[in-house]
**Q** 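Attaching a single structure in structure tokens format; questions to follow.
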Amino acid sequence: MTPIRHRLPVLITGFDPFAGEAVNPSWEAVRSLDGSRIEGHRVVACQLPTSFSRAPRTLRNALRELQPAGVVCVGQAGGRPQISLERVAINVCDARIADNDGSRPCNEPVVSGGPDAYFTRLPLPACLASLHLAGIPAEISNTAGTYVCNQVMYALLHALRARRRVPAGFVHIPYLPSQALAHRGAPSMPPDLVRSALRVIISVMLNPSKSPPAAPPSGRED
Ligand code: PCA
């Protein structure tokens, strides 16, 4: 008999296009996994609007409806060269550009009176080791920025604060090659590789004991 938690779905989210782009690679990758199974769990994809006012609400509705076994939210980080496993979300919204509703908060909290920050609940070293073993360039990132992605990561971990056993976190991904063409010199990652990366991350999140031992620190200081 399958344990009850096994029957719960995994929620993955991606964003709609913003900043004049025609696509958002996060939604392309996330929707390509919708309905698949990973470690026995059904994957459910949900699109979030790139909107400070609407994204957290959409996410909270999906959490309430699905009661997922785990959550991975994904967003585009144009200019970053590899998969970024975000370590921390901070209680700040500070937008350099307007969101899809024309809103541009400056130095505002995500949650008034909330904790300064939440750490990810993804096992980052295990995720990183598994991604590298699969030949996928990836790094741990210490900032998810102060735009809608950071807000969503914070809102996710805040919404799950009483459900300590639900693993959850945020992953930034590079531009698609088609987007990089319009941003001269910008790095990109093919959609198949991003999709494989997300499968690896979700699999390790659900079953960390199956991942390879994490590599020792490189000793590099930066
Ligand atoms: N990236 C933006 C918001 C939506 C997205 O895909 C960010 O990094 O905040």
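Order of listing sets the numbers, starting from 1, for every ligand and every atom in it. Remember, predicted model here, so these are calculated numbers, not experimental data.
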**Q** Does a side-chain heavy-atom distance below 4.5 Å link I12 with I202?
**A** yes
**Q** Is any side-chain heavy atom of S84 closer than 4.5 Å to one of V171?
**A** no
**Q** With heavy atoms of F15 as the reference, note each atom of ligand 1 found under 4.0 Å away.
**A** 4 (C), 5 (C), 6 (O)
**Q** Within a distance under 4.0 Å of any heavy atom of C149, pick out the atoms of ligand 1 and give their elements.
**A** 1 (N), 2 (C), 3 (C), 4 (C), 5 (C), 7 (C), 8 (O), 9 (O)
**Q** Taking 4.0 angstrom as the limit, do R121 and E86 come out as a salt bridge?
**A** no
**Q** Taking only heavy atoms of G75, which atoms of ligand 1 are found under 4.0 Å from at least one of them?
**A** 6 (O)
**Q** Does H172 have a non-hydrogen atom less than 4.0 Å from ligand 1?
**A** yes
**Q** Below 4.0 angstrom, N of the basic side chain to O of the carboxylate: do D101 and R54 qualify?
**A** yes
**Q** I need the atoms of ligand 1 closer than 4.0 Å to a non-hydrogen atom of N24, numbered in the order shown.
**A** 5 (C), 6 (O)
**Q** By number and element, which atoms of ligand 1 are closer than 4.0 Å to a non-hydrogen atom of Y147?
**A** 2 (C), 3 (C), 7 (C), 9 (O)
**Q** For the residue pair F15 and F170, categorise the inter-ring angle as parallel (less than 30°), tilted (30 to 60°) or perpendicular (more than 60°).
**A** tilted
**Q** So do the side chains of I201 and I83 get within less than 4.5 Å of each other, counting heavy atoms only?
**A** yes
**Q** Just need the protein heavy atom nearest to atom 5 (C) of ligand 1, so name the residue and atom and give the distance.
**A** F18 CE2, 3.2 Å
**Q** List ligand 1 atoms under 4.0 Å from Q76, heavy atoms only on the residue side.
**A** 1 (N), 2 (C), 5 (C), 6 (O), 8 (O)
